[in-house]
Amino acid sequence: MRLPSPLYVILDREAARGRDLLRLLDAVLAGGCRMVQLREKHMPPAELYPLAGALSERCRRAAAVFIINDRADLALALGADGLHVGQDDLPAAAARRLLPPGTILGVSTHDPRQARQALADGADYIAVGSIFPTDTKAGFQLVGPDLLRMLRRDEIPVPLVGIGGITADNVDQVIAAGADGVAVISAVCAAADPEEATRRLTERLEAALRSRRLPPARLTTDEKPL
Ligand code: TZP
Ligand code: MG
């Protein structure tokens with residue numbers, strides 16, 4: 001798959017500090033993001049299902065991809081565009097077998113072995129993190145941009161998404177290391193103006209991706225190497 005936008009926003013009620021997720025989603029969509037995940041660890045399923053349905057419908061109308069975190073049952077019940085699993089969730093291979101053909105499967109990984117396994121299990125994109133320290137995920141595993149560099153050299157044939165502590169100020173480093181996009185929680189969900197935060201991150205990402213695609217700078221005739 002190709003990422004529908006280089007910015008992947010993960011909606012998280014805790015990070016949003018109680019703000020309404022539907023309004024937050026509207027801001028994220030208005031800011032130009034087209035890949036959204038719902039990450040909700042505590043809401044009872046009876047409440048989560050209608051909320052996820054409303055979010056999913058808004059994404060559909062905006063031609064954005066909507067992905068459910070952790071919960072294969074919810075993704076299936078909703079007919080969501082995708083499911084994202086981590087290393088402690090339903091194994092990716094089992095999720096792949098369960099999901100209807102064409103459903104996006106994302107997998108969180110923290111080392112090259114897990115990334116290769118995710119690929120073998122049928123992942124459509126691989127999340128790599130935590131790239132930087134983060135307050136959002138307790139017990140995060142810090143891998144740094146180096147893991148992205150390593151995976152890029154391995155020529156993993158699916159998009160690599162950096163995650164963890166990513167902001168508009170460090171996103172260039174993540175793209176330079178080889179990510180195709182980034183996933184963020186607090187940089188958007190906790191922002192005073194989530195629409196503006198989304199727009200700024202998207203602009204920085206697009207600029208970083210453009211400059212990565214440029215061929216290496218050539219020396220002019222009068223700029224001889226030492
Ligand atoms: N997985 C690795 S780090 C992380 C997850 C879910 C948290 C990312 O949140 P933030 O606020 O963008 O650092
Ligand atoms: Mg999980």
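Indexing begins at 1, ligand by ligand and atom by atom, following the structure's order. Residue numbers run from 1 in the order of the sequence given.
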In this structure, which one of T198, L7, T136 forms a side-chain contact (heavy atoms from CB on, under 4.5 Å) with V184?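 Going through the options one by one, the only one that passes is L7.
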Only one of V161, V158, V65, L160 forms a side-chain contact (heavy atoms from CB on, under 4.5 Å) with L3, so which one is it?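 The single option meeting the side-chain contact (heavy atoms from CB on, under 4.5 Å) with L3 is V161.
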For ligand 1, is there an N or O atom under 3.5 Å from any N or O atom of [X]?
{"X": "R39", "answer": "no"}
{"X": "T136", "answer": "yes"}
{"X": "S130", "answer": "no"}

Could you tell me which N, O or S atom of D89 is nearest to the Mg ion (ligand 2)?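 Within D89, restricted to N, O or S, the Mg ion (ligand 2) is closest to atom OD2.
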Can you tell me which N/O/S atom of D70 has the shortest distance to the Mg ion (ligand 2)?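 Closest to the Mg ion (ligand 2) among those atoms: OD1.
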E57 and R61 ion-paired at < 4.0 Å: yes
Give a yes or no on whether a salt bridge exists between D26 and R23, defined as a side-chain N under 4.0 angstrom from a carboxylate O. no
Short side-chain to backbone donor-acceptor contact, [X] and [Y], under 3.5 Å:
{"X": "D89", "Y": "N69", "value": "no"}
{"X": "H110", "Y": "G129", "value": "yes"}
{"X": "D154", "Y": "I156", "value": "no"}

Considering only the protein, which heavy-atom contact is closest to atom 12 (O) of ligand 1, and what is its distance?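 Looking only at protein heavy atoms, the one closest to atom 12 (O) of ligand 1 is I185 N, 2.9 Å.
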Do me a favour and list the nearest non-hydrogen protein atom to atom 2 (C) of ligand 1 with residue, atom name and distance? K137 CD, 3.6 Å
Please verify whether a non-hydrogen atom of G129 lies at under 4.0 Å from ligand 1.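 It does not; every heavy atom stays at 4.0 Å or beyond.
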Any heavy atom of G165 closer to ligand 1 than 4.0 angstrom?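 Under 4.0 Å: yes for G165.
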Working for salt bridge (Lys or Arg N to Asp or Glu O under 4.0 Å), residues R199 and E203: CA-CA 6 Å; R199 191 166 292 123; E203 282 167 7; 5.4 Å; no
Below 2.8 Å, can you find an N, O or S atom of D88 next to the Mg ion (ligand 2)? no
Within ligand 1, which atoms have a heavy atom of [X] less than 4.0 Å away?
{"X": "T134", "value": "9 (O), 10 (P), 11 (O), 13 (O)"}
{"X": "V184", "value": "12 (O)"}
{"X": "S186", "value": "10 (P), 11 (O), 12 (O)"}

Take atom CG in D193; do more than 12 heavy atoms of anything else shown fall under 6.0 Å from it? yes
